Number of protein chains: 2
Amino acid sequence: IQKNDIDAFRKEFLEVHPYDQAKFFVSQEEDIRKQIYTYLSPAEMAELFHNLDSEDQEKILHEMAPSYVAEMLAQMYADDAVDVLNELEKDQVVSYLTIMDDEAAKEIKDLLHYEEKTAGSIMTTEFVAISANKTIREAMKILKSEAPDAETIYYIYVVDDEKRLVGVLSLRDLIIADDNKLVSEVMNDRVVYVSVSEDQENVARMMMDYDFVALPVLDYQRHLLGIITVDDIMDVIEEEASEDYSKLAGVPDGEGNGYSAFSAAKKRLPWLIILLLLGMFTASLIGRFEETLNKVSILAVFIPLIAGMAGNTGTQALAIAVRGIALGESDHNSKVQLLQKEIGTGLIIGFVCGILVMLIVDVWQHNFYLGLLVGTAIFCTLTVSTMTGALIPLVMHKFKIDPAVASGPFITTLNDIISILIYFGLATLLMNYLV
Amino acid sequence: IQKNDIDAFRKEFLEVHPYDQAKFFVSQEEDIRKQIYTYLSPAEMAELFHNLDSEDQEKILHEMAPSYVAEMLAQMYADDAVDVLNELEKDQVVSYLTIMDDEAAKEIKDLLHYEEKTAGSIMTTEFVAISANKTIREAMKILKSEAPDAETIYYIYVVDDEKRLVGVLSLRDLIIADDNKLVSEVMNDRVVYVSVSEDQENVARMMMDYDFVALPVLDYQRHLLGIITVDDIMDVIEEEASEDYSKLAGVPDGEGNGYSAFSAAKKRLPWLIILLLLGMFTASLIGRFEETLNKVSILAVFIPLIAGMAGNTGTQALAIAVRGIALGESDHNSKVQLLQKEIGTGLIIGFVCGILVMLIVDVWQHNFYLGLLVGTAIFCTLTVSTMTGALIPLVMHKFKIDPAVASGPFITTLNDIISILIYFGLATLLMNYLV
């Protein structure tokens with residue numbers, strides 16, 4: 001295809017979906033990519049570019065002429081252009097914005113102001129807004145003229161003279177409605193909207209609850225600032241889920257697969273070193289019981305079992321609590337309920353596992369008191385660690401800390417410490433029966 | 001509002017979004033809910049009902065007359081009705097389907113056949129399809145008449161005489177296009193579609209990559225069977241993410257917050273008992289080294305540190321690998337790359353943590369050889385456990401097992417065993433220097 005035949009290439013290439021264009025594009029060598037820049041207009045490149053992942057985007061920006069980049073960014077939907085710019089250095093952003101034409105630059109600058117992860121930062125300003133006193137026929141005409149530029153035309157927002165949102169009209173309503181009716185007669189005036197400073201996670205939740213494909217974003221005077229479309233929300237849902245997942249595993253934010261072993265290690269190490277120091281603290285705790293261990297060295301055998309089981313039950317309770325909070329069950333009542341339930345669950349689990357361990361140890365070691373000790377320790381640690389696992393994220397949420405920060409390894413290490421204290425505490429109590 | 005004034009209630013109630021109707025509805029007492037059934041038609045109830053969560057749906061089905069339920073299910077989008085029926089007992093499903101009118105029953109029966117979690121099971125059959133030789137004007141007319149019933153009207157699917165999909169037309173294209181053109185001239189004939197047996201996770205990935213709000217579902221002869229809309233896909237993304245999250249924490253599938261402590265314990269216990277038995281195995285391994293422990297009881301002090309760190313690094317590597325696979329990096333090359341990277345990461349992490357531990361133990365215990373032992377053990381276990389954490393999900397994926405099944409607690413317990421063997425193996429080697 002690449003035999004310098006521009007027309008044939010353009011005809012073939014522009015027919016496929018931009019996502020496939022992007023996949024083909026990144027698989028090419030640099031000189032072929034450079035040829036493609038000359039074949040495609042910045043507007044055509046914009047569609048392809050939007051479908052690259054952010055690492056590739058950065059790499060490819062450096063291959064293009066700055067004026068080509070500026071023109072391409074101006075042609076993208078403003079919210080997507082902002083996503084690209086957010087990944088770049090400040091002075092680079094400024095240099096692109098200066099070459100860009102004023103109108104596009106202003107739109108992008110406005111969006112760059114919003115704090116990350118708020119509704120404002122993911123919204124786009126390319127929506128269709130009309131006034132309420134138009135007829136359906138006029139509305140349809142406006143829609144036809146604005147359709148090529150708007151990010152979604154499935155909702156038409158109705159605003160008053162001061163650009164305050166007064167209603168919404170779905171394209172479906174518009175198509176079904178009588179041409180001569182007024183927009184104000186057909187529109188729905190109970191609009192579901194989000195505020196510009198709303199957290200993106202809450203926006204995603206609303207979009208899922210209400211099954212909309214777009215939501216309007218308002219400021220505090222109900223002025224329509226922009227809209228959030230479902231494709232951006234799908235990315236948010238995945239991003240937030242992957243964040244929670246990483247935190248549960250104690251993997252630092254933003255470690256993609258593109259990174260080298262060295263940078264991956266650099267990202268994971270600080271967290272591991274904290275855990276290591278906590279582990280040293282656990283070790284020093286056990287060190288205090290060295291005398292006990294000297295007398296009854298069999299005690300050491302069950303340390304990993306008890307610490308491990310405490311970690312497992314704690315992580316389970318943590319995951320249930322974090323998920324419960326994410327699903328919006330965060331009022332005081334459901335928190336108390338969740339905690340009560342987890343205490344109950346911990347007691348049952350502790351009881352069953354405790355009895356089981358007691359029997360196994362008794363049969364294996366022919367030592368009733370050792371069985372009693374390990375069984376009781378399992379009962380106590382599982383109950384306590386289930387409670388800790390649930391309590392900590394709930395308390396963090398209360399103090400407005402993201403509960404997912406209480407990652408699995410942290411809870412596990414904390415429960416290690418608790419379980420060691422319980423185990424050796426009980427062992428010291430039962431000492432006379434054990435020796 | 002509930003002063004028996006049907007008209008006033010209906011006027012108020014039907015104006016709000018069905019999601020809000022549903023929230024209001026479940027918050028009421030049973031007798032008020034019974035009154036609402038008499039106020040609303042099954043079609044109106046259907047919209048509200050779709051917005052309830054599945055536990056509430058089941059409860060409320062039992063309050064309604066079977067004929068009312070059947071009529072309501074018939075009025076729902078077929079895919080939503082199937083979701084409801086999938087939660088019920090088989091004989092209940094049959095009884096509702098027999099009262100239902102034939103056409104609706106047939107549609108639902110067809111969808112009930114598809115295997116869970118495939119494209120077929122989440123698709124709906126209420127789409128708009130037209131033939132290619134119609135004009136745009138005719139297409140618009142057909143759309144207007146079908147709009148009230150179709151789940152989405154944003155894409156119009158173009159089919160030939162045998163109902164094979166030949167093209168797609170977005171509503172945006174339709175609105176912009178000249179009225180007298182033929183559909184075949186305007187439509188896009190490179191349709192992105194999914195096969196009916198495709199896994200829902202892949203469908204979600206495609207929808208996110210291509211930014212569509214609906215995807216057509218075809219059988220193997222390219223017949224158009226149904227469409228999947230973005231609102232269902234958002235649920236899939238959340239469901240799959242929450243599944244991976246739960247598995248990482250070792251929480252069994254489907255434990256919601258609505259369950260009692262007893263049923264939660266019943267669900268978590270089988271898994272915990274398996275881990276408990278594995279823990280017993282670990283204990284018996286340590287038991288074999290009792291003699292070593294008797295001689296150097298200080299060794300016991302570092303067991304939780306070493307096992308815990310192995311668990312932490314293993315879980316991190318596991319999470320990175322599972323996420324890498326979920327993001328579609330599952331060809332042979334990127335797997336090898338991922339594994340190489342993790343081995344490198346493991347070596348670096350192991351080296352840094354090993355040196356650190358050696359220094360701390362040396363200073364704390366004034367025992368160079370003990371420091372050397374614990375440090376070397378940390379180096380070996382962290383390297384091995386990082387590798388295991390990454391290798392196991394990759395191997396599972398190769399054998400077509402969902403890698404997320406290799407949950408955190410499982411990897412942690414496995415790494416406990418490996419780390420104990422390494423630690424005591426090294427301790428036995430260095431025995432002469434330790435005593």
Side-chain angles (χ1 to χ4, degrees), chain A residues 15-17 19 144 147 153-154 172 175-176 190 208-211 213 230-231 234 237-238 241 245 248-251 257 261 264-265 268-269 275-276 279-280 282-283 286-287 293-294 297 300-305 307-308 312 315-316 319-320 324 329 341 344-345 348-349 352-353 360 409 416, chain B residues 15-17 19 144 147 153-154 172 175-176 190 192 208-211 213 230-231 234 237-238 241 245 248-251 257 261 264-265 268-269 275-276 279-280 282-283 286-287 293-294 297 300-305 307-308 312 315-316 319 324 329 341 344-345 348-349 352-353 360 409 416:
Chain A
E15 246 190 28
V16 304
H17 189 281
Y19 173 72
K144 274 195 196 192
I153 57 163
Y154 303 139
R172 189 191 291 241
I175 285 181
I176 301 173
R190 291 180 185 253
M208 292 176 72
D209 284 343
Y210 287 101
D211 281 349
V213 299
V230 73
D231 55 311
M234 284 198 286
I237 298 174
E238 219 208 8
Y245 186 81
L248 184 61
V251 179
N257 284 306
R268 290 184 214 169
L269 266 172
L275 293 172
L276 187 80
M280 275 294 170
T282 317
I286 303 179
L293 270 173
N294 254 330
S297 64
V301 164
F302 299 102
I303 294 176
L305 172 74
N312 293 335
T315 309
Q316 286 182 331
I320 292 284
E329 308 190 10
K341 198 202 81 182
T345 311
I348 300 170
I349 286 176
V352 175
C353 291
I360 296 177
D416 273 1
Chain B
E15 246 190 28
V16 304
H17 190 280
Y19 173 72
K144 275 195 193 192
I153 56 164
Y154 303 141
R172 188 192 292 242
I175 286 180
I176 301 174
R190 292 181 184 252
V192 177
M208 291 176 72
D209 285 342
Y210 288 100
D211 281 348
V213 299
V230 72
D231 55 309
M234 282 198 286
I237 298 174
E238 219 208 7
Y245 186 81
L248 184 62
V251 178
N257 286 308
R268 290 185 214 169
L269 266 173
L275 292 173
L276 186 81
M280 275 294 172
T282 316
I286 303 180
L293 271 172
N294 256 329
S297 64
V301 165
F302 299 101
I303 295 177
L305 172 73
N312 293 336
T315 309
Q316 286 182 331
E329 307 192 10
K341 196 201 82 180
T345 311
I348 300 170
I349 287 176
V352 175
C353 291
I360 295 177
D416 275 359

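Please read all numbers here as calculations on a predicted model, not as lab measurements.
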Subject >> chain B contact via A:Arg172 - which portion, at a heavy-atom distance below 4.5 Å >> reply: both
Subject >> Reported CG-to-CG distance for the pair B:Asp231 and A:Asp209, which is rounded to 0.5 angstrom >> reply: 12.0 Å
Subject >> Proximity breakdown for B:Ile303 and chain A, heavy-atom pairs closer than 4.5 Å >> reply: side chain
Original post:
Can you name the nearest heavy-atom pair linking A:Thr345 to B:Ala264, along with the distance?
Top reply: OG1-CB, 3.8 Å
Original post:
Which region of B:Leu275, side chain (C-beta onward) or backbone (N, CA, C, O), has a non-hydrogen atom less than 4.5 Å from a non-hydrogen atom of chain A, or is it both or neither?
Top reply: both
Original post:
Based on non-hydrogen pairs under 4.5 Å, which of B:Ile176, B:Leu276, B:Thr282 is most in contact with chain A?
Top reply: B:Leu276
Subject >> Between CZ on residue A:Arg268 and CD1 on residue B:Ile348, distance to nearest 0.5 Å >> reply: 10.0 Å
Subject >> Proximity breakdown for A:Ile360 and chain B, heavy-atom pairs closer than 4.5 Å >> reply: side chain
Original post:
Can you name the closest pair of heavy atoms from B:Ile349 and A:Ala265 and give their distance?
Top reply: CG1-CB, 4.0 Å
Subject >> Contact winner vs chain B - A:Ala241, A:Ala300, A:Gly344, heavy-atom pairs under 4.5 Å >> reply: A:Ala300
**OP:** Please confirm whether the backbone N or O of B:Val192 pairs with a side-chain atom of A:His17, one donor and one acceptor, at under 3.5 Å?
**Re:** no
Original post:
Minimum heavy-atom separation for A:Val213 to B:Tyr154, with atom names?
Top reply: CG2-CE1, 4.3 Å
**OP:** Provide the closest heavy-atom pair for A:Met208 versus B:Glu238 in the form atom of the first, atom of the second, distance.
**Re:** CE-OE1, 3.5 Å
Original post:
Most heavy-atom pairs under 4.5 angstrom with chain A, which of B:Val301, B:Leu305, B:Val352, B:Ile286?
Top reply: B:Val301
Original post:
Heavy-atom distance under 4.5 Å to chain B: side chain of A:Leu269, backbone, both or neither?
Top reply: side chain
Original post:
Could you go step by step and tell me if B:Asp211 and A:Val230 meet the side chain to side chain contact (heavy atoms under 4.5 Å, CB included) rule?
Top reply: CA-CA 9 Å; B:Asp211 281 348; A:Val230 73; over 6 Å; no
